[in-house]
Student: 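Below are the structure tokens for one structure; questions will follow.
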Amino acid sequence: MVEYSPAQLDSLFHALSDHTRRRMLRSLGGQARSVGELAAPFQISLAAASKHIKVLERAGLVTRTVQGRTHLCRLQPEALAAGQDWLRFYERFWNERLDALAEALGDPPASMPVPSASPRRKKTP
């Protein structure tokens, strides 16, 4: 496992902790967008959008280039690798424990149907 600095992970998870910033990142998935385009879906000023973008930049998730008066933002998905690597440890941890629990409970074979999560209501006459 690659070791990432605590400051790098803190910056990444801080950037991802805000709903507005996560939506901005999602909208950058397909193409570069201006600050105005990133701000448009929200009821926030361009200054507020720029502050969100600065947080994303510090985390390495976004790069911003200036073309005249237009600031174009691009997603840098490689920055998500640090968070994904960190979370992968816990994915293995929980998968191992859930597998052990399933074995202890006598998990039915894969060919047997699994009951639905919601009980069916009986019809009353």
Student: Tell me if a side-chain donor or acceptor on S50 pairs with a main-chain N or O of A47 at a distance below 3.5 Å.
Tutor: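 No; judged by distance alone, with no hydrogens or angles, the pair does not exist.
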
Student: Above 12 or not: heavy atoms from other molecules or residues under 6.0 Å from CD of Q43?
Tutor: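 Count not over threshold, so no.
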
Student: So which heavy atom on L75 is nearest to which on G29, and how close?
Tutor: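 Smallest heavy-atom distance, with atoms named: CD2-CA, 3.9 Å.
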
Student: Write down the atom of A82, the atom of L9, and the distance for their closest heavy-atom approach.
Tutor: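 Heavy-atom minimum between the residues: O-CD2, 3.7 Å.
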
Student: Check the hydrophobic clustering (I, L, V, M, F, W, Y; side-chain heavy atoms under 4.5 Å; chains of links allowed) and say if F89 and F13 are grouped together.
Tutor: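 Yes, because F89 and F13 connect within a single hydrophobic cluster, where side-chain heavy atoms sit under 4.5 Å apart.
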
Student: Below 4.5 Å, heavy atoms only, C-beta onward: do T70 and V35 meet side chain to side chain?
Tutor: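 In short, these two side chains do not touch, never coming nearer than 4.5 Å.
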
Student: Ignoring hydrogens and geometry, is there a side-chain-to-backbone donor-acceptor pair from R22 to L16 under 3.5 Å?
Tutor: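 Present.
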
Student: Any sub-3.5 Å donor-acceptor pair from S27's side-chain atoms to M24's backbone N or O?
Tutor: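 Side chain of S27 to backbone of M24: a pair is present.
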
Student: R58: which residues meet the salt bridge (charged side-chain N to carboxylate O under 4.0 Å, His left out) condition with it, sequence neighbours left out?
Tutor: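 Scan of R58 (salt bridge (charged side-chain N to carboxylate O under 4.0 Å, His left out), adjacent residues dropped) gives none.
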
Student: Side-chain contact test, heavy atoms from C-beta onward, threshold under 4.5 Å: evaluate it for L38 versus L28 and give yes or no.
Tutor: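 Yes. Closest side-chain heavy atoms under 4.5 Å.
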
Student: Could you state the interatomic distance from CD (E78) to CD (Q84), rounded to the nearest 0.5 Å?
Tutor: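 Reported to 0.5 Å precision, the distance equals 12.5 Å.
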
Student: What is the minimum heavy-atom distance between R33 and Q31, and which atoms define it?
Tutor: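 Distance-wise, the nearest heavy atoms are NH1-NE2, 3.4 Å.
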
Student: If you define the side chain from C-beta out and look only at heavy atoms, does anything of R21 sit under 4.5 Å from H14?
Tutor: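 R21 vs H14: side chains touch.
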
Student: Can you find a heavy atom in the side chain of T65 that is under 4.5 Å from one in the side chain of R74?
Tutor: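 A side-chain contact exists here, since the closest heavy-atom pair is under 4.5 Å.
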
Student: Can you name the closest pair of heavy atoms from A79 and G60 and give their distance?
Tutor: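 Closest pair (atom of A79, atom of G60, distance): CB-O, 3.1 Å.
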
Student: If we count only N and O atoms by modelled type, under 3.5 Å, do the side chains of R64 and S34 hold a donor and an acceptor together?
Tutor: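 Distance-only check fails for R64 and S34.
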
Student: Would you check, one step at a time, whether the test side-chain contact (heavy atoms from CB on, under 4.5 Å) holds for L80 with L12?
Tutor: CA-CA 8 Å; L80 290 168; L12 174 69; 4.2 Å; yes

Student: Using the rule that Ile, Leu, Val, Met, Phe, Trp and Tyr join whenever any side-chain heavy atoms are under 4.5 Å apart, tell me whether L46 and F42 fall into a single cluster.
Tutor: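 Yes, one cluster joins them.
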
Student: Mind checking the OG-CG spacing from S11 to L61? Nearest 0.5 Å is all I need.
Tutor: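 Result: 7.5 Å between the selected atoms.
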
Student: Starting at CH2 of W94, measure out to CG of D99 and round the result to the nearest 0.5 Å.
Tutor: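 The CH2 atom of W94 sits 12.5 Å away from the CG atom of D99.
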
Student: Check the pair H52, D18 against side-chain contact (heavy atoms from CB on, under 4.5 Å), reporting the backbone distance first and the verdict last.
Tutor: CA-CA 9 Å; H52 281 296; D18 183 82; 3.4 Å; yes

